[in-house]
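Below is one structure, written out as structure tokens; the observations come after it.
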Amino acid sequence: GGSLGAMQCLQWSIAWPERARHALVIACAPNLSAQNIAFNEVARQAILTDPDFHGGRFYDHGVVPVRGLQVARMIGHITYLSDDVMNEKFGRELRSAVNSATGYKYSTQDVEFQIESYLRYQGDKFSEYFDANTYLRITKALDYYDPAAEYGGDLSKAFARAKAAIIFWGMGISQHTHGTATDLELLDAQVLEAKSALLVRQLALQQRLATWQWRYVRGETLKFAGE
């Protein structure tokens, strides 16, 4: 994990139960919500509507859809942080003061707030190395993933194939990405599928971000030390 990597880990434990003995699933959801898909679509449209995209054949034209990639990454980073965390990290802090009573430049072009600076930096950095077509396909793969779909929406039936000892590790960072509700959905499905499973929950605070860990081991006993 997280995200797509965790979904791959989860899928391997379901699709190849004889080959997956242990799985560490980090920041994962069993599927994306409508809001998750909506954010991905806006990010894709930023790339698709960039004049330098050229239907995906931009390398033939000697260009890269830099502006689209920048905006797509900025959208992504907004979803990675919750409102509370973003306020704590950046607040309304200005990047640099100017000679005015408010400290504002009253400009639509200049970077004034620290959050603006952060998003632009992330977008600029991302556009220097990431392939636009790869970004489009990765976000669609995220949208499509739903292991319960072929089991009538029953996630516990999907997990019935898995034989691995699975540890779920979730970061309570944003309500827009893979948050508490989706993590708990995964866990509920595991427990329903195997009544004898041992589930241990650890709750800690790291820089005021809630981190939780659940261990799910079929037919085993775990000793868990401390909070």
Side-chain angles (χ1 to χ4, degrees), residues 1-15 23-49 68-69 71-89 115 118-119 122-123 126 130 132-162 166-193 199 201 203 208-214 216:
S3 194
L4 183 60
M7 287 178 173
Q8 288 180 294
C9 179
L10 194 62
Q11 184 59 33
W12 292 335
S13 68
I14 295 172
L24 174 58
V25 182
I26 303 173
C28 184
N31 53 57
L32 295 193
S33 68
Q35 187 180 62
N36 298 151
I37 296 171
F39 276 119
N40 281 346
E41 172 60 9
V42 175
R44 285 192 294 268
Q45 285 301 315
I47 294 172
L48 293 170
T49 57
L69 279 167
V71 174
R73 189 58 166 176
M74 290 168 72
I75 293 168
H77 270 272
I78 292 172
T79 71
Y80 302 154
L81 298 176
S82 69
D83 186 47
D84 289 340
V85 172
M86 198 174 289
N87 275 325
E88 181 180 338
K89 188 176 180 67
I115 183 60
Y118 167 79
L119 290 176
Q122 294 296 339
F126 187 73
F130 209 89
N133 285 318
T134 300
Y135 189 90
L136 296 176
R137 291 189 178 277
I138 285 178
T139 55
K140 288 301 288 188
L142 285 164
D143 292 351
Y144 291 143
Y145 185 66
D146 185 0
E150 61 182 289
Y151 298 96
D154 190 335
L155 196 57
S156 63
K157 290 182 179 179
F159 274 121
R161 291 177 49 84
I166 303 175
I167 294 179
F168 292 96
W169 191 283
M171 292 292 292
I173 297 177
S174 173
Q175 69 273 32
H176 299 306
T177 50
H178 311 316
T180 310
T182 50
D183 281 325
L184 288 174
E185 185 180 351
L186 283 170
L187 293 167
D188 288 344
Q190 287 273 13
V191 174
L192 283 172
E193 194 280 313
L199 198 60
R201 181 172 185 252
L203 186 61
R208 295 189 181 179
L209 300 182
T211 301
W212 55 90
Q213 175 186 8
W214 291 274
Y216 166 86

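The first residue of the sequence shown is numbered 1, and numbering continues consecutively from there.
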So the salt bridge (Lys or Arg N to Asp or Glu O under 4.0 Å) pairs with at least one residue in residues 27-49 (sequence neighbours excluded) are E41-R44, R44-D143
When every non-hydrogen atom of L32 is compared with those of M7, the smallest separation belongs to CD2-CE, 4.0 Å
Value for CG (D146) from CG (N31), rounded to nearest 0.5 Å, stands at 4.5 Å
Closest non-hydrogen contact found for P30 with P147 is O-CD, 3.0 Å
* Asked: Heavy atoms, side chains only, cut-off 4.5 Å: are L136 and L48 in contact?
  -> yes
Output for pair (N87 CG, I115 CD1), nearest 0.5 Å, gives 9.0 Å
*asked:* When you compare the side chain of R73 with that of F130, does any pair of heavy atoms fall below 4.5 Å?
replied: no
Heavy-atom closest pair (A72 atom, A43 atom, distance to 0.1 Å) is CB-O, 3.5 Å
Is the closest side-chain heavy-atom distance between H77 and Y118 below 4.5 Å? yes
Distance col, row N36:CG vs T139:OG1, nearest 0.5 angstrom, shows 12.0 Å
Those residues at least two apart in sequence (or on a different chain) that pass side-chain hydrogen bond (donor to acceptor under 3.5 Å, both in side chains) with Y135 are none
Rounded to the nearest 0.5 angstrom, the CG-CD1 distance for L155 and I14 is 7.0 Å
dist Q122:CD -> Y80:OH (nearest 0.5 Å) comes out at 9.5 Å
Residues at least two apart in sequence or cross-chain that pass side-chain hydrogen bond (donor to acceptor under 3.5 Å, both in side chains) with Q8, listed by chain then number, are none
Nearest heavy-atom approach of C28 to V25 is CB-CG1, 3.4 Å
Separation between CG (L69) and CZ (F126), nearest 0.5 Å, reads 6.0 Å
